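Following: one structure in structure tokens, then a few remarks.
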2 protein chains.
Amino acid sequence: MSVEITTLANQVCESIVKDIIDGTIGQGQKLNEPELAKTYGISRGPLREAISRLEAMRLITRVPNVGARVVQLSYEELLDIYQIRESLEGLAARLAAQRMNSSETQDLRQLLTSHRKHIQKTQGQSYFQQEGDVDFHYRIIQGSKNPRLINMLAGDLYQLVRMYRYQFSVSSNRPEQALKEHDQICSAIEEGDAELAEWLMKRHINNARNNIMRRMHTQSNPHDGDTL
Amino acid sequence: MSVEITTLANQVCESIVKDIIDGTIGQGQKLNEPELAKTYGISRGPLREAISRLEAMRLITRVPNVGARVVQLSYEELLDIYQIRESLEGLAARLAAQRMNSSETQDLRQLLTSHRKHIQKTQGQSYFQQEGDVDFHYRIIQGSKNPRLINMLAGDLYQLVRMYRYQFSVSSNRPEQALKEHDQICSAIEEGDAELAEWLMKRHINNARNNIMRRMHTQSNPHDGDTL
DNA sequence: TGATCTAATATTGTCGACAATATAGGGGAA
DNA sequence: TTCCCCTATATTGTCGACAATATTAGATCA
């Protein structure tokens, strides 16, 4: 029973992250310090600390003496991120295949089973699949047992991915296919086939990336006039 | 002529980074805020901001209500980092092969020529090669033209690598070999052979990693009693 | 009318002081 | 002697105020 020891700056940071991800604080919007401090009921000290962390996870950009702005999302950057994910999660899958023990792989298999049930029950509804997808990838990332890799992927990068999903409505429109790919990856990990696990994971993420690119060409950039 | 506009927190942050990298502030050492503030002649406000940035680049770890400590370097973590570098710089090399223009590749070739001269002149002295190595990799990273990738590699990760090099004296003891590998990578990029560039880069970094592993087994962990 | 300079305002950067928490040291009991 | 508790100290977290810089609005001049 770990006592949730935390600080004001921490709590407010999490709040702001949530507000940025779900769009309460919009893209490109200026972060006014006195205003925000009032909103969250704290002083500017811890608020600035929180802002520093937001900067660290690249959710905002900061200019000295001018202030902080929420990042502007673009399809190009999203594609850049998926490219990085492909490399890094490929590595994670390889390591997971080498390092996950049998109880961990069993849990992973069980997770997939529950996902399958969800999909069957909801007739392929994608919302749950989204969180499930995150969860699946999250477990494999943990399974890599490379602390810095875990930090990079699960820490900062995933906040971004979540933000894009919220605001661009980038949800997998083919959860069955995604599940099948997850299944293949899981099997490779169970068998300890590191090379295959890496290759499958990279292809899996590349598929998602291509999916985004298709969407990017068919539909015009959403939320693109919101710059204000 | 860009005017170097900066803030106190920024300057002090850079100073501390330098002090951590060269060991002035040792591994695992506690960062005492009042003391540091006095040392650098600023108040605790901007100092804490600087500390936040150090935390962001993972040079220190922080515990609420307890304080900040410089990270403890270990060979295991160094290997973890090289694993990440292998993936990420492999990607960077692939993108560089696709995206660098002819003037950029010419500059890269020129850099290698100057490195060769240096090595011949200094009879294979490794110090210059170290910085030169950083420089070579740095250019390829830039050549990827993926801003987030550049940030990850050139921003945070390289500070760590530099710190290890300083404190573990991890210098390539075979600069000629390294130069040859650089040469191969450069050729692949010139020819736009993305696959080959990636493969060569990954092998290059893996060689360096194996080099570290060998060293790790032959000599005992240096600086290991310094924990205090 | 349009541009440029200037003054007023707003916002960020910095500081010192106070509150809350953790650490260290001494004294007492088993 | 050893362990535990309690107190004194040190350190981190938070706050409000002031200084420095940027932004805005208005006035003056071409």
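All figures in this text were calculated on a predicted structure; none of them were measured in a lab. Letters A, B, ... mirror the listed sequences (proteins, then strands); counts begin at 1. Quick note: numbers below take in every heavy atom, side chains included, and nothing from hydrogens, waters or symmetry partners.
Side-chain atoms of A:Asp107 and A:Gln110, non-hydrogen and from C-beta on, do get closer than 4.5 Å to each other. Between A:Ile51 and A:Leu47, the closest side-chain pair of non-hydrogen atoms falls below 4.5 Å. Residues A:Ile140 and A:Met201 are in side-chain contact: their nearest non-hydrogen atoms beyond the backbone lie under 4.5 Å apart.
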Check against side chain to side chain contact (heavy atoms under 4.5 Å, CB included), B:Gln167 and B:Asp22: CA-CA 7 Å; B:Gln167 305 205 12; B:Asp22 69 19; over 6 Å; no
Show the numbers, then the answer: is there a side chain to side chain contact (heavy atoms under 4.5 Å, CB included) between B:Leu79 and B:Met213? CA-CA 8 Å; B:Leu79 294 179; B:Met213 282 185 75; 3.6 Å; yes
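Extent of DNA chain C lying under 4.0 Å from chain A heavy atoms, first and last nucleotide in 5' to 3' order, is C:dT11 to C:dA22.
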Show each protein N/O and nucleotides 6-9 of chain D N/O combination with a separation under 3.5 Å, one pair to a line.
none

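Under 3.5 Å, the side chains of B:Asn206 and B:Asn210 contain a donor-acceptor pair of N or O atoms.
Relative ring orientation between A:His204 and A:His182 is described as perpendicular, the plane-to-plane angle rising above 60° on a 0-90° scale split at 30° and 60°.
Contacts between residues 6-16 of chain A and DNA chain D, counted as heavy-atom distances below 4.0 Å, involve A:Thr7, A:Leu8, A:Ala9. A heavy atom closer than 4.0 Å to some atom of DNA chain C occurs in A:Arg48, these being the qualifying members of residues 46-60 of chain A.
Atom NZ of B:Lys30 sits in a crowded spot, with more than 12 heavy atoms from other residues, nucleotides or ligands closer than 6.0 Å.
Where B:Gly67 and A:Asn65 each meet DNA chain D at their nearest nucleotide, the meeting point lying more 5' is that of B:Gly67.
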Table please: side-chain donor-acceptor pairs of residues 141-154 of chain B below 3.5 Å, with sequence neighbours left out.
| residue | atom | partner | partner atom | Å |
| --- | --- | --- | --- | --- |
| B:Gln142 | NE2 | B:Tyr138 | OH | 3.3 |
| B:Ser144 | OG | B:Ile141 | O | 2.8 |
| B:Ser144 | OG | B:Asn146 | N | 3.3 |
| B:Lys145 | NZ | B:Arg99 | O | 3.0 |
| B:Lys145 | NZ | B:Glu104 | OE1 | 3.1 |
| B:Asn146 | OD1 | B:Arg148 | N | 3.2 |
| B:Asn146 | OD1 | B:Leu149 | N | 3.2 |
| B:Asn146 | ND2 | A:Asp80 | O | 3.4 |
| B:Asn151 | OD1 | A:Arg58 | NH2 | 3.3 |

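Side-chain N or O atoms of A:Arg209 include none that pairs as donor or acceptor with a backbone N or O of A:Tyr82 at under 3.5 Å.
Note that CG of A:Leu73 and CE of A:Met163 are 4.0 Å apart. Values are rounded to the nearest 0.5 Å.
Applying the salt bridge (Lys or Arg N to Asp or Glu O under 4.0 Å) test to residues at least two apart or on different chains, the pairs with a partner in residues 41-50 of chain A are A:Glu33-A:Arg44, A:Glu33-A:Arg48, A:Arg48-B:Glu49, A:Glu49-B:Arg48, A:Glu49-B:Arg62.
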